Amino acid sequence: MKLKGIGISGTISWGKVYLYLQESYSIPKYNVIDIPSEINRFIKALDKTIEDINKIKLSLEKTVSKDELFLYTSFILLLNDQNFVSMVTNEIKKGQKNAEWALYIVLEELISKFQNIPNISFAQRSEDISSIGEKIMMNLLAKKEDENFNIPPNSVIIARSISPTDPIIMEHKNIAGLITELGGYASHTAIMTRSLSIPSVLGVEFITSIAQNDEDIILNPLTGEVILKPTDEEFKEAKSLQAKQKRLLSSFHPFINKESKTTDGTSVDILANIAFVEEIPSLLKTSSKGIGLYRSEFIVLQSNSFPPEETQYKMLKKLFSTYHLDKEITIRTLDLGGDKIIPGYASANEKNPFLGYRAIRFCLSRPKLFLEQIRSILRAAYGAKNLKIMIPMVSNYEEIVETKMLFNEAIEQLQRENIPYCKSFKIGIMFEIPSIYYILDELSKEIDFISIGTNDLIQYLLACDRGNEKVAYLFKYSNPSVLRFLNDTINKANQLKIEVSMCGEMASDIYSIPILLGMGLRRFSIPPSSYMLFNKLLHCISMKECEELTKEVLTLISANEIENKVDKWIKERAYEVYEFFHLLK
Ligand code: PEP
Ligand code: MG
């Protein structure tokens, strides 16, 4: 059976279905006879939840402020609230309902009560209730959030959705593939699977209800095709396509450490996007200029709560000591929120999380936490010759001024405390919110560089959720508005003589690279796994040709027409690259 999704990363692969459905638990509903033992089951789950929260609270006591700890205290107060406890036990008694069902009814009632009060603090209360309710439910269902997996080798993980920090992604790098029902091309889950070289296809409708454990499955990350229970013929074809794809990849291999230049000798800086120190060994094999984006929030996300400054410092130190201190190292400050949430900090129930409490907004509202991160970066970077600090999701001038004030405060503290730190660094911003185009002039006086984050920029420019498979067909690099906006931005940055690079996934899109070069972009930050393909293409094209192509493309109004034109253009100049993308179509 053939199904279609959005191809994300890796080579064509196959394995056995491993259904991973823990995120979408359903609430069992049945009648019980032994009421006291059902009440006892609920009380035990409640006690276990209190114990879990107390543990988290204890681990945070030294690192977060009293205000922040209050959240956990309020969770515990709620769990001990006799009204809440008797509401659930009454529900069990009254309707002879099982504990999960009773809890579900009470939670729904409380949440809607609080949601209907037009006051921010009550809305927050309803979120607290929902998150705490989920924890009790997990304990009732005896599901652990950090379950120890026992995944047989060669499994293709199938899930409804997967968060970018799900332990299955973080810890199980040997899986043969990942397929989900939800998620788009530029979601953070997609970015993580690219980083970790996990073959993946997202957005395959109904796959969790169709696939059965242990069935054979093939996934094709280039076309987005998934074949469930393939025939012998389909298996044979997949094997031959994989062999061809691997052959082509090994022919690109010599480009991994060649100078990055076009045929007419223009140098292009290729930098790397990384989220884990473990990615550095593969980066070291390339001729990359440095790290153009280190997603520092993964330090926090991996811990699932805020690690103290000392832990952050040690993790960052590992990054600096594993890489070259004289190369460019760009650390992006915490970009939490959106689809990168840790319990108790950013709100999981925001109506529009990508438009909400994210990135620099989150950091500036928690100066104590932000200061700790800034201190840990500056301390760990001691000795680095080319440190860059990058602020995500900047939407106004004040955010830069405030951030710089916090950097100054951190520096004063470190000087006072006689702690060594990196004294010289550049500060820049992610260009993700389109409106800052209009204040770039003034901003450029405060910052040293901009890096275009197309994953967010395009979602804001086209009003198109980057992680929603239903609108993934609109999230197009070849959309003329996107291309014209990028052209204007790159030109403006070049006129203002402010350094401009691109670190969104578009920077490694083979069909976009020649157009971006033609616009005057010379710095690209990409996943290390895309390095050799990028450099191979570069060695087949000239800057003059790119400029001509861009000029023509910018006059076109149809994305399809643009794609066809570039496709033909690449075929004529870089046949093997063209073949790599076409052999599986
Ligand atoms: C971007 O938005 O393009 C970007 C690089 O940041 P992230 O994908 O982490 O949001
Ligand atoms: Mg972004």
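As the structure is a prediction and not an experimental result, all values here were calculated from the model. By convention here, the first residue in the shown sequence is residue 1. For ligands, and for the atoms within them, numbers begin at 1 and follow the listed sequence.
The one candidate from Lys289, Lys426, Lys388 that meets the side-chain hydrogen bond (donor to acceptor under 3.5 Å, both in side chains) condition with Glu328 is Lys388. Of the listed residues (Gln312, Arg332, Gln373), just one forms a side-chain hydrogen bond (donor to acceptor under 3.5 Å, both in side chains) with Ser296, and that residue is Gln373.
Remark: minimum distance from atom 4 (C) of ligand 1 to any protein heavy atom is reached at Met430 CE, 3.5 Å. Nearest protein neighbour of atom 7 (P) of ligand 1, counting heavy atoms only, is His188 NE2, 3.2 Å.
A donor-acceptor pair shorter than 3.5 Å cannot be found between the side chains of Asp488 and Tyr437. Looking only at atom types and distance, the side chain of Lys261 has no donor-acceptor partner in the side chain of His539 under 3.5 Å away. Between the side chains of Thr11 and Gln245, no donor-acceptor pair is found at a separation under 3.5 Å. In the model, Ser525 has no side-chain atom that pairs as donor or acceptor with a side-chain atom of Ser501 under 3.5 Å.
Any N or O atom pair closer than 3.5 Å counts here, and Gly453 shares at least one such pair with ligand 1. Below 3.5 Å of separation, one finds an N or O of Arg466 facing an N or O of ligand 1. At a 3.5 angstrom cut-off on N or O pairs, Asp456 counts as close to ligand 1.
When distances to the Mg ion (ligand 2) are checked against a cut-off of 2.8 Å, Glu432 contributes an N, O or S atom below that limit.
Listed by number with element, the atoms of ligand 1 under 4.0 angstrom from any heavy atom of Ile191 are 8 (O). Heavy-atom contacts of Leu293 reach the following atoms of ligand 1: 5 (C) (cutoff under 4.0 Å).
Not a single heavy atom of Glu505 lies less than 4.0 angstrom from ligand 1.
Counting heavy atoms closer than 4.0 Å to ligand 1, residue Lys340 contributes side-chain atoms (C-beta onward) but none from N, CA, C or O. Of the heavy atoms in Arg332, only side-chain atoms (C-beta onward) come closer than 4.0 Å to ligand 1. Residue Leu457 does not touch ligand 1, judged by heavy-atom distances below 4.0 Å. Contacts with ligand 1 closer than 4.0 Å are made by side-chain heavy atoms of Arg358 only, the backbone lying farther away. No part of Ile452 comes within 4.0 Å of ligand 1, judged by heavy-atom distances. Neither the backbone nor the side chain of Asn273 has any atom closer than 4.0 Å to an atom of ligand 1 (non-hydrogen atoms only).
The environment of Glu259 atom CD is sparse: at most 12 non-hydrogen atoms of other residues, nucleotides or ligands sit within 6.0 angstrom.
Taking the N/O/S atoms of Asp456 in turn, the shortest distance to the Mg ion (ligand 2) belongs to OD2.
In this structure, Arg379 forms a cation-pi arrangement with Tyr313, its terminal cationic atom sitting closer than 6.0 Å to the ring centre and no more than 45° off the ring axis.
Checked against the 6.0 Å centroid criterion, the rings of Phe534 and Phe524 qualify as a close aromatic pair. In summary, the aromatic rings of Tyr357 and Phe362 are positioned with their centroids under 6.0 Å apart.
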